[in-house]
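Both backbone and side-chain heavy atoms feed into the values below; hydrogens, waters and symmetry mates do not. All figures in this text were calculated on a predicted structure; none of them were measured in a lab. Counting starts at 1 for both ligands and their atoms, following the listed order.
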Amino acid sequence: MSEIKTIGVVGAGTMGNGIAQLAAQSGAQVIMRDIKDEFVERGLKSIDKFLSKGVERGKVTPEQKAEVLGRIKGTTDMADLAPVDFIIEAVIEDLALKKSVYGELDEVCRPEVILATNTSSMSVTLIAAATKRPQQVVGMHFFNPAQIMRLVEVIRGYATSDETVAVTAALAQKMGKETVEVKVDSPGFIVNRLMIPHMVEAARMLQEGVATREDIDKAIKLGLNYPMGPFELMDFTGIDICKFVADYFALELNKEMKWDVPTNMKNQVRAGHLGRKSGKGWYDYSK
Ligand SMILES: NC(=O)c1ccc[n+]([C@@H]2O[C@H](COP(=O)([O-])OP(=O)(O)OC[C@H]3O[C@@H](n4cnc5c(N)ncnc54)[C@H](O)[C@@H]3O)[C@@H](O)[C@H]2O)c1
């Protein structure tokens with residue numbers, strides 16, 4: 001496989017713009033594609049803001065900021081991705097949408113180009129099936145915020161080749177990340193498969209009156225040395241996202257009761273109390 005000089009990032013949202021920034025910081029030229037000019041602009045603005053904060057804190061020079069921004073080109077035209085050497089896809093978590101995007105990418109990109117998905121839960125194998133190059137489709141799961149979190153999970157789909165896994169891990173490492181390989185394409189990969197049950201169990205304990213949410217958070221932070229307790233983390237991630245993933249595990253992984261979301265968690269989602277993003281979740285963020 002030839003050197004990766006240009007990276008295509010598909011989706012300019014929360015994850016896409018963070019990944020585009022990382023890729024540009026690692027020295028690559030980046031083409032970031034979203035469906036509307038306003039979404040591309042929003043993504044570019046978000047990168048600018050992140051880098052400006054770095055300049056204020058003295059971590060980035062104004063010249064470095066200008067260089068990184070100069071390497072990122074925004075577009076709404078899929079055809080502009082034709083020259084890229086590697087694709088990282090970060091469109092919304094919707095399987096039908098992802099499949100149609102992969103069908104298009106398969107047409108536009110050169111046959112040797114690897115298509116990496118940042119999906120947090122979906123089957124890499126199913127996404128790969130929408131292409132004629134399943135051996136070159138792989139999971140490349142960054143964490144939020146992508147510029148800061150140190151891990152990338154590299155997920156092997158059913159047909160992913162050894163070379164694809166190796167090239168993807170090397171690229172993530174070049175971006176400054178530590179990698180782990182997920183050898184079997186299974187729901188939640190490593191991190192979410194372990195994280196979601198502890199969130200569901202925390203909600204169940206609260207519902208049973210075992211302890212207050214403050215004490216459950218305190219116990220996990222001080223007893224396990226985690227930086228956030230499960231309720232704080234759910235509010236940060238979005239309670240709706242946690243519920244969506246737990247429901248997906250119940251369907252895909254096994255039928256065990258442990259995935260059954262307790263009523264208090266369902267009610268938070270029904271009431272629109274989704275965590276920090278809605279101003280209220282397990283805790284109140286309105287003030
Ligand atoms: N947010 C997180 O904490 C997080 C963490 C890890 C992985 N992920 C995964 O990353 C992916 C993106 O999540 P996000 O949080 O950035 O979502 P987001 O909603 O912030 O961004 C998604 C972007 O994709 C764009 N999009 C939709 N259709 C498109 C298309 N056909 N071509 C190009 N762009 C298109 C949307 O306009 C939007 O800007 C999802 O698969 C998600 O599961 C999210």
Side-chain angles (χ1 to χ4, degrees), residues 7-23 30-47 50 73-81 84 87-109 115-124 126-128 130 137-155 172 175 177 179-180 182 187-193 195-196 199 228 233-249 274-277:
I7 296 177
V9 177
V10 189
T14 311
M15 294 307 290
N17 73 63
I19 294 167
Q21 181 186 330
L22 257 180
V30 177
I31 302 174
M32 180 173 76
R33 191 255 170 170
D34 209 303
I35 43 178
K36 286 190 184 168
D37 286 329
E38 64 197 89
F39 298 154
V40 174
E41 284 308 315
R42 195 174 53 193
L44 289 169
K45 250 194 208 140
S46 180
I47 298 172
F50 194 102
K73 178 174 172 279
T75 183
T76 53
D77 190 354
M78 201 63 140
D80 285 346
L81 295 171
V84 307
I87 288 279
I88 305 175
E89 167 274 314
V91 306
I92 48 178
E93 191 79 337
D94 174 319
L95 187 60
L97 172 70
K98 294 222 191 249
K99 281 181 160 179
S100 94
V101 167
Y102 277 77
E104 281 182 80
L105 289 170
D106 203 27
E107 293 294 317
V108 168
C109 299
L115 312 178
T117 175
N118 184 46
T119 179
S120 348
S121 62
M122 293 185 163
S123 161
V124 174
L126 267 179
I127 294 170
V137 179
V138 65
M140 190 180 193
H141 186 208
F142 290 84
F143 293 80
N144 185 17
Q147 300 95 323
I148 293 171
M149 297 299 280
R150 293 167 59 207
L151 183 70
V152 169
E153 290 177 322
V154 178
I155 303 112
M175 291 179 179
K177 301 300 178 193
T179 59
V180 289
V182 181
F189 316 130
I190 299 173
V191 172
N192 285 342
R193 182 151 165 194
M195 183 183 76
I196 296 297
M199 289 174 163
M228 281 190 208
L233 190 54
M234 269 189 271
D235 279 354
F236 183 72
T237 314
I239 302 170
D240 51 334
I241 308 289
C242 303
K243 181 182 175 302
F244 169 80
V245 182
D247 289 346
Y248 182 68
F249 285 1
L274 307 179
R276 283 174 185 265
K277 63 184 167 187

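Lys99 places no side-chain N or O within donor-acceptor distance of the main-chain N or O of Leu126, the cut-off being under 3.5 Å.
The contact shell of ligand 1, taken as protein residues with any non-hydrogen atom closer than 4.0 angstrom, comprises Val10, Gly11, Gly13, Thr14, Met15, Arg33, Asp34, Ile35, Phe39, Ala90, Val91, Ile92, Glu93, Leu97, Lys98, Val101, Asn118, Thr119, Ser120, His141, Phe142, Asn144.
Once rounded to the nearest 0.5 Å, the distance linking CE of Met228 with OG1 of Thr237 reads 7.5 Å. In this structure, the separation between CE on Met78 and CG on Asp80 is 11.0 Å, given to the nearest 0.5 Å.
For Leu151, the side-chain contact (heavy atoms from CB on, under 4.5 Å) partners at least two apart in sequence or on another chain are Phe143, Glu153, Val180, Val191. Applying the side-chain contact (heavy atoms from CB on, under 4.5 Å) test to Phe50 and every residue at least two apart in sequence or in another chain returns Gln21, Gln147, Ile148. Thr76 is linked by a side-chain contact (heavy atoms from CB on, under 4.5 Å) to Asp37, Val40, counting only residues two or more places apart in sequence or in another chain.
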